[in-house]
Protein chains: 2
Amino acid sequence: MPNPTLDRTDLLLLAELQRAGRQTNAELAERVNLSPSACLRRVQRLERDGVIAGYRAVVDPERLGLGLQAFVRVQLSRHDPSAIEVFGEFVNQWDEVVACHALTGDMDYLLQVVVRDLEHFSRFLLDHLLNQAGVDDVNSSFVLRTVKAFRGMPLPGR
Amino acid sequence: MPNPTLDRTDLLLLAELQRAGRQTNAELAERVNLSPSACLRRVQRLERDGVIAGYRAVVDPERLGLGLQAFVRVQLSRHDPSAIEVFGEFVNQWDEVVACHALTGDMDYLLQVVVRDLEHFSRFLLDHLLNQAGVDDVNSSFVLRTVKAFRGMPLPGR
DNA sequence: TCTGAAAGCGCCTGCAT
DNA sequence: ATGCAGGCGCTTTCAGA
């Protein structure tokens, strides 16, 4: 079930749908030079195979009053399975954490955090991250500028 | 032009569309207890105001054969405007870099990199990042596990 | 601002190629 | 695997409250 070979047209479809996920099937078909029915079949296959995992509206955090982003590197105080489990559950509950990865290297985790302002961030740090989750050390870096915003996964071969 | 006040229904719509960006207007309307026409007008307003910046298909990198993710912290060798400009242009050209932020702290930039495997990463590092863009130092951390995958921006008040 | 109705359009199935 | 055709559902606009 991993990768039932994607041809050039499939990659074109993925590129288009990563760019504009809500265009009509007719529009999409025209862009990739396929009839609407052929296009639809291919898209549905990509969905069924899990290559397309879903669709999402892209929301501008600034317009929601979320003006501050940070990357927080986290070290846990303990590394037994239950401590790791607990930390993961907390992270998944905290709305401010939009993404979290376990990493190789000095620190255990990298958290991407989106908040209103520095005061909001401070409260998040003191009330949640440092307080509840078995965290030993944190190192916060704030986003000064987004040089390249996420626009989808790279697509091999084009 | 910043924030023409979003009511509870708008936030519900945003939550729904961040979760499932391609549901039909009829479906969406039912979920938030609105008539289809009222629902459509609100969504269109969110789009016009830029709160919804677009829609994107979510593609599973594993199914594309992209099995390795890394976060790379980068320090430039020079910090004059032209060096910064050049680096930004390179980063925007490299497909492997899916996101890049200028940060406070020790390092200048944080790059999120998606590649096929370690060999692909190595080639990216040697051929591009260390070679072309005025980079002084890099520090790579690889993703061992995604504890919380990005699922949209947090929505205040619910 | 909402609801409801009417008209147009796109989706999507089935069948032929 | 693609293309074509028809029924159906949805989107979208317009009145009216």
Side-chain angles (χ1 to χ4, degrees), chain A residues 1-60 62-65 152-153 155-158, chain B residues 1-60 62-65 152-153 155-158:
Chain A
M1 198 187 290
N3 195 356
T5 62
L6 306 172
D7 63 18
R8 176 169 273 93
T9 304
D10 290 321
L11 293 174
L12 266 171
L13 287 171
L14 291 173
E16 265 308 308
L17 288 173
Q18 286 195 114
R19 189 186 62 76
R22 229 189 168 179
Q23 50 189 318
T24 65
N25 183 59
E27 208 173 335
L28 190 60
E30 194 174 9
R31 277 189 213 274
V32 302
N33 296 315
L34 242 53
S35 75
S37 57
C39 180
L40 184 65
R41 281 170 188 286
R42 291 181 93 114
V43 172
Q44 287 174 336
R45 190 173 75 95
L46 291 168
E47 290 169 354
R48 273 198 309 275
D49 291 348
V51 179
I52 296 176
Y55 298 87
R56 232 203 309 281
V58 179
V59 172
D60 181 352
E62 296 283 345
R63 312 259 169 160
L64 295 174
M153 291 295 162
L155 298 174
R158 263 186 312 144
Chain B
M1 199 187 293
N3 194 357
T5 62
L6 306 173
D7 64 17
R8 176 169 271 93
T9 304
D10 291 320
L11 294 174
L12 265 171
L13 287 171
L14 291 173
E16 267 306 309
L17 288 173
Q18 286 196 114
R19 189 186 61 76
R22 231 188 167 179
Q23 51 189 315
T24 65
N25 184 61
E27 207 174 333
L28 190 59
E30 192 174 9
R31 278 189 212 273
V32 302
N33 296 314
L34 241 53
S35 72
S37 55
C39 180
L40 183 65
R41 266 182 303 106
R42 291 180 93 114
V43 172
Q44 288 175 335
R45 190 173 75 95
L46 291 169
E47 290 169 354
R48 273 199 310 276
D49 292 349
V51 180
I52 296 176
Y55 299 87
R56 229 203 310 280
V58 179
V59 172
D60 181 353
E62 297 282 345
R63 311 260 169 159
L64 295 174
M153 291 296 163
L155 298 174
R158 267 187 309 144

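In what follows, every chain begins at residue 1, and chains take the letters A, B, ... in the order their sequences are listed.
- The separation between Arg22(A) atom CZ and dT12(D) atom C1' is 13 Å, rounded to whole Å.
- Atom CG of Leu28(B) and atom C1' of dT11(D) are 13 Å apart (whole Å).
- With rounding to whole Å, Arg41(B) atom CZ is found 15 Å from dT11(D) atom P.
- At least one donor-acceptor pair closer than 3.5 Å links the side chain of Arg63(A) to the backbone N or O of Asp49(B).
- Distance alone, capped at 3.5 Å, is enough to place a donor-acceptor pair between the Asn25(A) side chain and the Pro36(A) backbone.
- One atom, CG of Leu40(A), and another, P of dC4(D), lie 16 Å apart when rounded to the nearest Å.
- As judged by a 4.0 angstrom heavy-atom cut-off over every strand, Ala38(B) is placed among the base-contacting residues.
- Projected onto DNA chain D by closest heavy-atom contact, Ser37(B) and Ser37(A) fall at different nucleotides, the more 5' of which corresponds to Ser37(A).
- In this structure, CG of Asn25(B) is placed 12 Å from P of dT3(C), rounded to the nearest angstrom.
- Separating the CG atom of Leu6(A) from the P atom of dA1(D) is a distance of 13 Å, rounded to the nearest angstrom.
- Rounded to an integer number of Å, the gap from CD of Glu27(B) to P of dC10(D) is 9 Å.
- Other residues, nucleotides and ligands contribute at most 12 non-hydrogen atoms within 6.0 Å of the CD atom of Glu30(B).
- Residue contacts for Thr24(A): at a heavy-atom cut-off of 4.0 Å it reaches the sugar-phosphate backbone alone, with no base atom in range.
- Using a distance-only test at 3.5 Å, with no hydrogens or angles considered, no donor-acceptor pair links the side chain of Gln18(A) to the main chain of Val59(B).
- Nucleic acid contact class of Ser35(B) (heavy atoms, under 4.0 Å, all strands): base.
- Whole-Å rounding puts the Leu34(A) CG to dA1(D) C1' distance at 10 Å.
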